[in-house]
Amino acid sequence: MVVPEAGLEISGSILKGISQDWLNANKPADGSTFYIKVEVSESITELGDGYGGFRLGTGYDLQMDFSQASKLKEINNQAFMYATALRGELDLSGTQVSVIGKSAFNGCTGLTGVILPETLKALGSDSSGSVFRGCTGLQYVRTENGDPNALFELPSGLEIIGRQCFAEAFSEDSPIDIVIPQSVTTVGNEAFDTEGIRYIVVQCTDLTNYGSDAFRSPDS
């Protein structure tokens, strides 16, 4: 079921989440899984405000459709934190997202893949991160107009990868190789602290703003 605009919490051009009243009124009475989809409209410029509006709990299967979200510029802190109902691929291609805030998708174990927009500049900040921490179902991270078969590819204009950004993420069964573009000037501590990575290539030559534990792994 597509959530109607009346079932969404919207303030100006900020989509904060799904209305609990709407969920309560429409959830199947027999307790079966409630399959819902949110189509983010062209009028939305920001997503989430840190209060957990997409954290639905058990009994839900949530799909996010960003195909019309051409004006979306920011996904705010904790927008989907612990939203275990979020499933499948997170396709942000076609949006204008430049910043994905700290813990935006922390604990979203149902995410299987991510496609990042070319406009992206920051995953977290120089002092915070955990954007995809604990996304244990993640199989690939790709870039809009990039290699459609890549397991890990970051936008060429990305500048910041916050601390613990990909910690405890990815499947241990399919280790991936990481290439950090030359544009990335800041990497926070423990950004890739996960068993799901085989090796890392760093293209930047100035590591001044790379944390001393930026590449710490689970076995130290």
Side-chain angles (χ1 to χ4, degrees), residues 47-48 50 74-84 86 89-92 97-144 146-147 150-220:
L47 206 62
E74 185 168 354
I75 298 178
N76 293 319
N77 296 346
Q78 303 175 352
F80 291 86
M81 187 174 181
Y82 301 138
T84 54
L86 182 62
E89 182 183 75
L90 179 73
D91 186 356
L92 296 172
V97 171
S98 61
V99 177
I100 301 179
K102 69 176 182 179
S103 296
F105 297 96
N106 188 344
C108 291
T109 54
L111 276 184
T112 57
V114 175
I115 301 178
L116 299 172
E118 294 177 328
T119 53
L120 188 65
K121 298 295 183 184
L123 288 167
S125 68
D126 56 359
S127 60
S128 64
S130 300
V131 177
F132 293 106
R133 182 179 182 180
C135 293
T136 53
L138 206 56
Q139 300 171 16
Y140 59 85
V141 174
R142 296 172 181 159
T143 296
E144 175 186 9
D147 180 355
L151 293 182
F152 193 91
E153 184 181 52
L154 295 172
S156 59
L158 185 68
E159 298 173 359
I160 297 173
I161 300 174
R163 67 183 301 272
Q164 298 185 336
C165 188
F166 293 100
E168 303 168 26
F170 302 108
S171 169
E172 295 181 23
D173 298 329
S174 303
I176 62 172
D177 305 329
I178 302 292
V179 176
I180 301 178
Q182 186 175 1
S183 60
V184 177
T185 57
T186 299
V187 176
N189 287 332
E190 304 170 1
F192 300 97
D193 188 2
T194 175
E195 296 282 4
I197 295 174
R198 182 165 53 182
Y199 68 81
I200 299 174
V201 175
V202 181
Q203 295 182 334
C204 181
T205 56
D206 181 4
L207 307 186
T208 303
N209 292 323
Y210 279 46
S212 59
D213 285 330
F215 302 112
R216 179 181 175 88
S217 65
D219 60 1
S220 300

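Since the model is a prediction, treat every value here as computed from it, not as a measurement.
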Heavy atoms of R198 and P175 approach each other most closely as CB-CB, 4.1 Å
Listed partners of I176 passing side-chain contact (heavy atoms from CB on, under 4.5 Å), at least two apart: L151, F152, F170, I178, I197
List the atom of P181, the atom of P155, and the distance in Å for their closest heavy-atom pair. CG-O, 3.7 Å
Are the side chain of Q78 and the backbone of S103 linked by a donor-acceptor contact shorter than 3.5 Å? no
Looking at Q203, I'd like to know if its CD atom is crowded, meaning that more than 12 non-hydrogen atoms belonging to other residues, nucleotides or ligands lie closer than 6.0 Å. yes
Side-chain heavy atoms of F166 within contact of V141, under 4.5 Å: yes
C108 to A83 - nearest heavy-atom pair and separation: SG-O, 3.8 Å
Go through the steps to decide whether F105 and V114 satisfy the test side-chain contact (heavy atoms from CB on, under 4.5 Å), and finish with yes or no. CA-CA 11 Å; F105 297 96; V114 175; over 6 Å; no
Do the side chain of T112 and the main chain of G137 share a donor and acceptor less than 3.5 angstrom apart? no
Counting C-beta onward and ignoring hydrogens, is there a side-chain heavy-atom pair between S130 and N106 closer than 4.5 Å? yes
Side-chain touch T194/F132, heavy atoms, less than 4.5 angstrom: no
Approximate separation, where rounding is to 0.5 Å, of F215 CZ and I180 CD1: 4.0 Å
Does L47 form a side-chain contact (heavy atoms from CB on, under 4.5 Å) with V97? I'd like the steps, not just the answer. CA-CA 10 Å; L47 206 62; V97 171; over 6 Å; no
Do L120 and L92 come within less than 4.5 Å of each other through their side chains, counting heavy atoms only? no
On a heavy-atom basis, the closest approach of S156 and S183 is O-OG, 2.7 Å
Just checking, is any N or O donor in the side chain of Y140 or E153 under 3.5 Å from an acceptor N or O on the other one? no
Between SG on residue C165 and CD1 on residue I160, distance to nearest 0.5 Å: 11.0 Å
Say whether, by atom type as modelled, one donor and one acceptor occur between the side chain of R142 and the main chain of A150 under 3.5 angstrom. yes
Got a second to check how far E89's CD is from Q139's CD, nearest 0.5 Å? 10.5 Å
Rounded distance (nearest 0.5 Å) linking atom CD of E118 with atom CD of E144: 4.5 Å
Distance from R216 atom CZ to Q164 atom CD, nearest 0.5 Å? 10.5 Å
Could you check D206 against T185 for side-chain contact (heavy atoms from CB on, under 4.5 Å), going step by step and ending with a plain yes or no? CA-CA 7 Å; D206 181 4; T185 57; over 6 Å; no
Verify, without hydrogens or angle tests, whether N76 (side chain) and G48 (backbone) share a donor-acceptor contact under 3.5 angstrom. yes
Would you compute the distance between atom OG of S217 and atom CG of D193 and round it to the nearest 0.5 angstrom? 6.5 Å
What are the two closest non-hydrogen atoms of L111 and C135, and how far apart are they? CD1-SG, 4.4 Å
T84 side chain to T109 backbone, donor-acceptor under 3.5 Å: no
The criterion is salt bridge (Lys or Arg N to Asp or Glu O under 4.0 Å); which residues satisfy it with E168, sequence neighbours excluded? R133
Can any side-chain N or O of D213 pair as donor or acceptor with the backbone N or O of N189 at less than 3.5 Å? no
